Amino acid sequence: MIDSMQTALGFSIAAIMICAVNLAYMHINGYTSKTNNRLFIAMLYILLLNAACGVITSLTYDQRLTSDTYFMINKVGRYVYFVSHTALCPLMYFYVASIIGRSFRENPWSSLRNALPFFVSEIVVVLNPVTGWVWYYDSMREFHRNWGETLVYISAAVYFAMALIFIIFRWKVLAKKRKTTLIFCFCMALSGVLIQLLIKQLRVEVLFEAIGFSGAMISLENEDDRTNASVGVYNRLALAMDIDSAIHNYKSLNIVFLRVTNREVVNRLTRSTNVSIIDQVVCEYLQELVHKYSIYLSNPGHIVLMLYHKDEAQTEEIIRKISDRFNSVWKLGNKDVFLNAVIMRAELPRMISSVSDALYMSDSPLPEDLDKVILEEEDLDYLLRRAAVEAAVSRGLDEGSFEVYYQPTYNIDGTLHGAEALLRMSDSELGKLYPDEFIPIAEYTGLIDDIDDFVLREVCTFIRSGKPKELGMECINVNLSVVQCMRQGFAKHIIDIVETEEVEKSFINFEITESVSATDYKLFSSVVKELKEAGFMFSMDDYGTGYSNINAIFSLNLDVIKIDKSILWNAEKNEAGEIVLENTVRMMKQMNKKILVEGVETEKQIEILKKMGVDYLQGFYFSKPIPKNELIDLLK
């Protein structure tokens, strides 16, 4: 018995040391403000108290037989141990709920109901000195367990089971580290309980629980991987995890997106080597309004506030204070500067129903004509629509949402010349989408490469069928995006696709916009030269709407210049417009370029263009863009 008491004493001292180190770590690192922090610290203090009680009962075990004082100390130690240890499993249940993001504030009655087994078992333990239901001492001062202890263990098992249900319910969305750590903690605690039940003299329950909690502290309470080291607030990873948790656990939650829009200008002005200085000063101010753990730095200059347990009035007050603050100067180093900001407010899950929605709202480009500082409700329709279109574009190729339409082009004498391939999209959720909406988003997300490859392959398949030549077409025009043209190895990639499809290169006429050639003329000229040498034709699209570069037109050796419809329509309206069109056509003819005019809709326009010597025509007068089969039927 002496050896077993010494062993129990050693286990208790070890548990005290482990708990003390964990508590010191939590307080030194400031992990004390969140609900899970406070619950974890409470469990550590309970274990520390349990271990201390273990030391007391071990040291007084022999003396209790001969000394009333030591016997009383021994009994008090037992009593404090049972009273405090009974609260451990309920606290662990609420701790797990907090870790997975479950809030009981949404339904206080749920918290009260879930705490009922604890209240029952705790009352039984508290009343034990009178009833002796849980344990008692016989006339020889020997300690004996009673039926009430079974009730305490049943209560603990209930909380274990409820916590496991939480984990299983959220298993797919829990981070791998959290899954592993929670399972480890449960296994350690359960092992300690089982060992002590089977071998009563081995009092290892508290030690095993302390070891399990050390794992929780290292992996769950230590949030280095969730924190932006330079600013000290949560990072993008934490935002994604907590948004996902909030969607599953909160009925509603207000989220504020703060965007500093003149960040680059301010950094140049202050000449600061600290690239995060703006984020630091803004986040320091925000901590005056909300808890630190409510602030997330998604990207430089992109800050998100998750306003837990804030009603509409409180949220509006926070937004007002932030807006007012940005009307004043900020101290950055030794300079006073103004920071421009846009504040967006959205409600979860009514407006944000997924992590991607939240990240998109945080990252998405703002409207160029924005004239508001605070955006909410209908002001955010632009971003919400953009997010929906981005999702549609992302799934478009897999779902077959894209289709190539063709708009025929004609010689000036009315005979068929060719056709322009134009992309159309019909999404399963959003319906028909127009290129002006989905093409810029495809370029922004990087999906434009796959989409343009899809168009080129569809055109090659059409050409290979022999129908275009059979119908009398000389070429099919294919648009090239800015992004696609500038990527490394683009020319070889195009050549490989066409050669794989075994299509005559001269039958494909690539169209580039006027602004593309002005964006990076040197790079683009080498791309055009390589593709023309391979046998492709080239046109400049929408001439007259962008950054005119006559030298580029001449040097790139383009085959056709497509004059934008706006120039034609203006020529009908007034004399000045007619002069612009006439001089444009004359200049292109002097440069020996073929000329195609877009937007032809009337006989009168055709007569004007005939007199000027235009080569090709395109417009609704002949046909709108139509699917391939309709084009074949039309031309037949």
Side-chain angles (χ1 to χ4, degrees), residues 30 32-39 94 97-98 100-112 223 226-228 231-235 238-260 279-298 301-328 330 339-355 357-359 361-362 372-381 383-384:
T32 58
S33 57
K34 295 178 67 175
T35 300
N36 61 280
N37 296 153
R38 293 192 290 268
L39 288 170
F94 285 103
S98 176
I100 67 172
R102 178 72 178 269
S103 173
F104 290 103
R105 292 193 187 185
E106 297 286 331
N107 188 354
W109 288 108
S110 176
S111 299
L112 185 61
E223 296 189 310
R226 287 168 45 88
T227 304
N228 183 294
V231 180
V233 298
Y234 281 153
N235 57 24
L239 175 63
M241 292 173 61
D242 293 349
I243 287 285
D244 182 65
S245 178
I247 289 171
H248 287 82
N249 293 303
Y250 282 82
K251 291 181 180 178
S252 64
L253 181 68
N254 285 303
I255 303 178
V256 174
F257 300 87
L258 175 63
R259 189 87 60 87
V260 179
D279 299 323
Q280 285 178 339
V281 297
V282 173
C283 288
E284 285 174 4
Y285 165 71
L286 293 174
Q287 289 179 50
E288 298 175 12
L289 306 179
V290 298
H291 289 295
K292 181 179 178 180
Y293 60 77
S294 296
I295 305 172
Y296 302 78
L297 185 62
S298 174
H302 296 215
I303 301 169
V304 181
L305 305 180
M306 292 183 64
L307 303 182
Y308 298 98
H309 316 302
K310 302 291 185 185
D311 58 25
E312 294 297 312
Q314 291 171 317
T315 300
E316 290 175 2
E317 179 66 12
I318 289 171
I319 292 174
R320 184 192 63 78
K321 289 181 179 179
I322 295 173
S323 178
D324 291 344
R325 179 64 185 88
F326 276 90
N327 289 327
S328 305
W330 297 78
L339 297 177
N340 298 332
V342 173
I343 305 167
M344 296 174 284
R345 173 194 171 187
E347 184 182 318
L348 180 151
R350 183 171 62 86
M351 301 173 68
I352 296 176
S353 57
S354 67
V355 173
D357 285 349
L359 295 180
M361 190 165 290
S362 174
K372 290 184 176 182
V373 173
I374 301 174
L375 306 179
E376 50 190 346
E377 297 298 338
E378 64 272 6
D379 298 326
L380 296 175
D381 288 347
L383 291 177
L384 296 173

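Because only heavy atoms are used, hydrogens play no part in the values below, and waters and symmetry mates are left out as well, while side chains stay in. All values derive from a computational prediction rather than experimental measurement. Counting from 1, the numbers follow the sequence of the chain as shown.
- With a 4.5 Å cut-off on side-chain heavy atoms, Leu305 and Ile322 count as touching.
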* To do: Start with the C-alpha distance between Thr227 and Tyr234, add both sets of side-chain angles, then the distance that settles side-chain contact (heavy atoms from CB on, under 4.5 Å), and finish with yes or no.
  => CA-CA 4 Å; Thr227 304; Tyr234 281 153; 4.2 Å; yes
* **Worked verdict on Asp242 versus Tyr308 for side-chain contact (heavy atoms from CB on, under 4.5 Å)** => CA-CA 11 Å; Asp242 293 349; Tyr308 298 98; 3.9 Å; yes
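- Considering NZ of Lys292 and CD of Glu284, their distance stands at 10.0 Å, rounded to 0.5 Å.
- Nearest heavy atom pair, residue Ala341 against residue Val373, reads O-CG1, 3.5 Å.
- How far NE2 of His309 is from NE2 of His291: 9.0 Å, rounded to the nearest 0.5 Å.
- The CG atom of Leu297 lies 5.5 Å from the SG atom of Cys283; values are rounded to the nearest 0.5 Å.
- When atom types are taken as modelled, the side chain of Gln314 and the backbone of Asp311 share a donor-acceptor pair closer than 3.5 angstrom.
- Within a 6.0 Å radius of NZ in Lys34, more than 12 heavy atoms belonging to other residues, nucleotides or ligands are found.
- The minimum heavy-atom distance between Phe257 and Ala358, with the atom names listed, is CE2-O, 3.4 Å.
- Side-chain contact between Asp324 and Lys321: absent, with no pair of heavy atoms (C-beta onward) separated by less than 4.5 Å.
- The shortest non-hydrogen separation linking Val355 to Ala240 is CG2-O, 3.5 Å.
- The line from CG of Leu289 to CD1 of Ile295 is 8.0 Å long, rounded to the nearest 0.5 Å.
- Between Ser362 and Val304, the shortest heavy-atom contact is OG-CG2, 4.0 Å.
- Distance alone, capped at 3.5 Å, places no donor-acceptor pair between the Arg259 side chain and the Gly301 backbone.
- Counting heavy atoms from C-beta outward, Ile243 and Tyr296 have side chains that stay 4.5 Å or more apart.
- Looking at heavy atoms from C-beta onward, Asn37 lies out of side-chain contact with Tyr293 at the 4.5 angstrom threshold.
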* To do: Carefully, step by step, assess Glu312 and Thr315 under the rule side-chain contact (heavy atoms from CB on, under 4.5 Å).
  => CA-CA 5 Å; Glu312 294 297 312; Thr315 300; 5.7 Å; no
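- With contacts defined as side-chain heavy-atom distances shorter than 4.5 Å, the pair Val290/Met306 does not qualify.
- Residue Leu239 holds its CG atom at 11.0 Å from CG of Asp244, rounded to the nearest 0.5 Å.
- Arg345 has its side chain within reach of Asn254: a pair of non-hydrogen atoms, C-beta onward, lies under 4.5 Å apart.
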* Steps toward side-chain contact (heavy atoms from CB on, under 4.5 Å) verdict (Leu286, Leu258) -> CA-CA 11 Å; Leu286 293 174; Leu258 175 63; 4.1 Å; yes
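- Atom OG in Ser354 sits 9.5 Å away from atom CG in Leu348 (nearest 0.5 Å).
- A 4.5 Å side-chain heavy-atom check between Met361 and Ile255 finds every atom pair outside the cut-off.
- Under the 4.5 Å side-chain criterion, counting only non-hydrogen atoms from C-beta, Trp330 is in contact with Val282.
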